[in-house]
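Reviewing the structure listed below.
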Amino acid sequence: MPASPHSVELGTILTELGSAVRLVSGGSVDLTRPVRGAAVWVPGDPVPRDPAVIVVCTGLRRGVEEVFPLLEAHDSRVVLLCDAPVDAEELDATTVADNVVGVVSVGAGEVVASVARSSQSVEEAVSRRLGALQRSLSLALADPEPVPALLTRLKRVCNATTALIDLHGHVVHATGPVPRTLLFDEIASTKADTQTLDIDGWHGLAARIADPSSPDEHTGWLVVTSRRPDFPDVYATSAVHVATSLVEANQRMSVLVRKQERAVRAAVLEQALALRRERYDAELAARVAGLGITFDTEVRVAVAVFAHTPGGDRRRQAFDSLMDTLAQMLSAAGHPSLITARGNGVTLLVQCGVGALQRLLGACERELPALQTGIGRPVAAIGGVVDSYNDAQLAVRTLRSVAQEQRLMAYEDFDFATRLFADVGLERMVAWAEDFLKPLAERENLLAGLRSYFEHDQNINVAAETLNIHHNTLRYRLTKVEELLTINLKQPAAVSSVFLALTAIDLTRQPGAFKPRASRSRDELPAGEADTAHGAAGFGDDGRGDIGVAFGPER
């Protein structure tokens, strides 16, 4: 290696070599001695003339006497012996004289490279060290648990305790004990991106971790602390900044991975919900199984809708947040799931029972917005997913219409009428109800009287009082209903027919908004809604609004 225009102190080179070098000089060593490079020397070569160049000896075979020509030359030299059969006892103070001699346990090429690195300019050295630091810390991203691995590497680099603290002051990961309360009180009191810490004998640095989904927000802090009064130095500060950027990069990659996985799972669930005429798809069942859901144990479809729909720009963010929270909640509890956004909420296919899902929703109530959740019947095969979905939709409609204070309803909670709607198909029931009640379409006073009559257990006096009319007026209206519908409200069959028809209407729209559709012939019904030889198949085309159930030949 030629002499460098930049000189460096001998102590810097010895530090670069570290434990690989062992000095055998008899006297004191001047560590401030300037060095400008290194030259490889083998026995028989001319002795280098420049005393500021380190002589790296290699190829020694016979013993220590082969280096005597170097040690006896004029001027004091730095001599490093590589791969030499030399015992330190053979190099006494007389032999060494004014030279600095060391035995090195690495090859000559590595010694020369170490000298070259140490001889770089300040800018080159800083750039090299920062590059090496970033490469070293970046290797942690390949670990199965990248953040804990990164904190461990950062601990070794800084010789200090490292920790990741979230927005609530909880320690997410730590490599040792940290004064969590003291640190959180300090770092939460300012919005600075980086803070120097000096609290109760603890010294360190805290860097904010940016939120990948919202650049103006943050998810917590990366904290490095030590009891050393001179901590942190410039190198440790650089390491913390590099590690912080890597934590943020890991979070961004995690968000992208979650979004891609969520998209795949949502696509598979949408396919399952779209099954109509052909109720079994072996390829789709295999894809669902590949995502962790089997039908060996209980599987349900749940529909969770916002009790208060977010508006404007917050709608998309609210949906994404809800889906992420539910996915993390179910994953942490060990329940495989598929989630997709539909209508005013999200739809889930989850491998767990009603009780387990209810407990999870209750435990995470603070993290979730106000929801109304419907849970469908158990799913035994891929073809049953759409039935369970229809049940869940019907449960949500029931909650919104007649049980607004209730937050969850499952298929098992359905009363007789609602279960009838579930098994026949709500859309079909609504079509029948509208046709049955068509004579009352423009007679809202008659409909209001009929509703009040059933809402008050067929007590005419109480129903009339609620409507602020005379009881004889209500009797007249009910008589007109009987005439128009050609029924007798004293007959059980007539009572059940009217009650079921009103219930079907009210489950799909607010009371009082009944506007019957025109009667449709069999040919005008949507595909799948016409009667078949085997039963009813009440499904729409897009699978988003219908609540029907298909009865195939196998049932």
Item to check | Asn99 (side chain) donor-acceptor with Val78 (main chain) under 3.5 angstrom | outcome: no

Item to check | Check: Arg228 side chain, Asn159 main-chain N or O, donor-acceptor pair, under 3.5 Å | outcome: yes

Checklist entry - Do the side chains of Pro369 and Leu371 get nearer than 4.5 Å, heavy atoms only? => result yes

Checklist entry - Counting distance only, does the side-chain N/O of Arg153 pair as donor-acceptor with the main-chain N or O of Ser136 below 3.5 Å? => result yes

Name each donor-acceptor pair under 3.5 Å that joins a side chain in residues 176-188 to protein atoms two or more places apart or in another chain, with its distance.
from: Arg180; atom 1: NH1; to: Gly169; atom 2: O; distance (Å): 3.0

Checklist entry - Leu408 and side chain to side chain contact (heavy atoms under 4.5 Å, CB included): which partner among Leu357, Ile375, Val396? => result Ile375

Item to check | Steps toward side chain to side chain contact (heavy atoms under 4.5 Å, CB included) verdict (Thr237, Leu205) | outcome: CA-CA 7 Å; Thr237 301; Leu205 198 67; 3.8 Å; yes

Checklist entry - Of all heavy-atom pairs between Ala395 and Gly374, which one has the smallest distance, and what is that distance? => result CB-CA, 3.7 Å

Next on the checklist: What I'd like to find out is whether the side chain of Val350 reaches to under 4.5 Å of the side chain of Val299, using heavy atoms alone.
Outcome noted: no

Item to check | Donor-acceptor side-chain pairing of Gln351 and Ser337 below 3.5 angstrom | outcome: no

Item to check | Point-to-point distance, once rounded to the nearest 0.5 Å, from CE of Met323 to OG1 of Thr347 | outcome: 9.0 Å

Next on the checklist: Between Glu248 (side chain only) and Ala210 (backbone N and O only), is there a donor and an acceptor less than 3.5 Å apart?
Outcome noted: yes

Checklist entry - Is a side-chain donor or acceptor of Ser388 paired with a backbone partner of Val301 at a separation under 3.5 angstrom? => result yes

Checklist entry - Just by distance, do the side chain of Asp193 and the backbone of Arg208 share a donor-acceptor pair under 3.5 Å? => result no

Checklist entry - Would you say Gln134's side chain and Val242's backbone share a donor-acceptor pair under 3.5 angstrom? => result no

Checklist entry - His168 vs His170 aromatic rings, parallel, tilted or perpendicular, using cut-offs 30° and 60°? => result tilted

Next on the checklist: Counting C-beta onward and ignoring hydrogens, is there a side-chain heavy-atom pair between His203 and Leu197 closer than 4.5 Å?
Outcome noted: no

Checklist entry - Which heavy atom in Gly376 sits nearest to a heavy atom in Asp391, and how many Å separate them? => result CA-CB, 3.5 Å

Checklist entry - Just how far is it from atom CZ of Arg407 to atom CG of Leu368, taken to the nearest 0.5 Å? => result 12.0 Å

Checklist entry - Has the side chain of Arg300 got a donor or acceptor atom that lies under 3.5 Å from a matching backbone atom of Ala392? => result no

Checklist entry - With distance as the sole test, does Thr12 use its side chain to make a donor-acceptor pair with the main-chain N or O of Val8 at under 3.5 Å? => result no

Item to check | Closest non-hydrogen atom pair, Cys158 against Ala239 | outcome: SG-CB, 3.9 Å

Item to check | Shortest non-hydrogen contact between Phe231 and Ala160, atoms and distance | outcome: CZ-CB, 3.6 Å

Checklist entry - Side chains of Leu348 and Val303: does their closest heavy-atom pair fall under 4.5 Å? => result no

Item to check | Tyr389 six-ring face occupied by Arg342 cation (under 6.0 Å, within 45°) | outcome: yes

Checklist entry - Are the side chains of Leu23 and Leu14 in touch, meaning some heavy atoms are under 4.5 Å apart? => result yes

Checklist entry - In terms of side-chain geometry, is the basic nitrogen of Glu261 or Arg265 positioned less than 4.0 Å from the acidic oxygen of its partner? => result yes

Checklist outcome for this item: Closest non-hydrogen contact found for Leu360 with His335 is CD1-CD2, 3.5 Å

Checklist entry - How far apart are the closest heavy atoms of Leu151 and Ala174, and which atoms are they? => result CD1-N, 4.4 Å

Item to check | Evaluation steps, side chain to side chain contact (heavy atoms under 4.5 Å, CB included), between Phe295 and Ile382 | outcome: CA-CA 8 Å; Phe295 299 100; Ile382 189 66; 4.2 Å; yes

Item to check | Exercise: do Thr152 and Thr175 side chains pair donor with acceptor under 3.5 Å | outcome: no

Item to check | Any side-chain heavy-atom pair of Leu150 and Leu137 under 4.5 Å | outcome: yes

Checklist entry - Less than 4.5 Å apart, any side-chain heavy atom of Val101 and any of Leu81? => result yes

Checklist entry - Any side-chain heavy-atom pair from Leu361 and Thr373 closer than 4.5 angstrom? => result yes

Checklist entry - So, does Ser105 use its side chain to make a donor-acceptor pair with the main chain of Ala20 at under 3.5 Å? => result yes

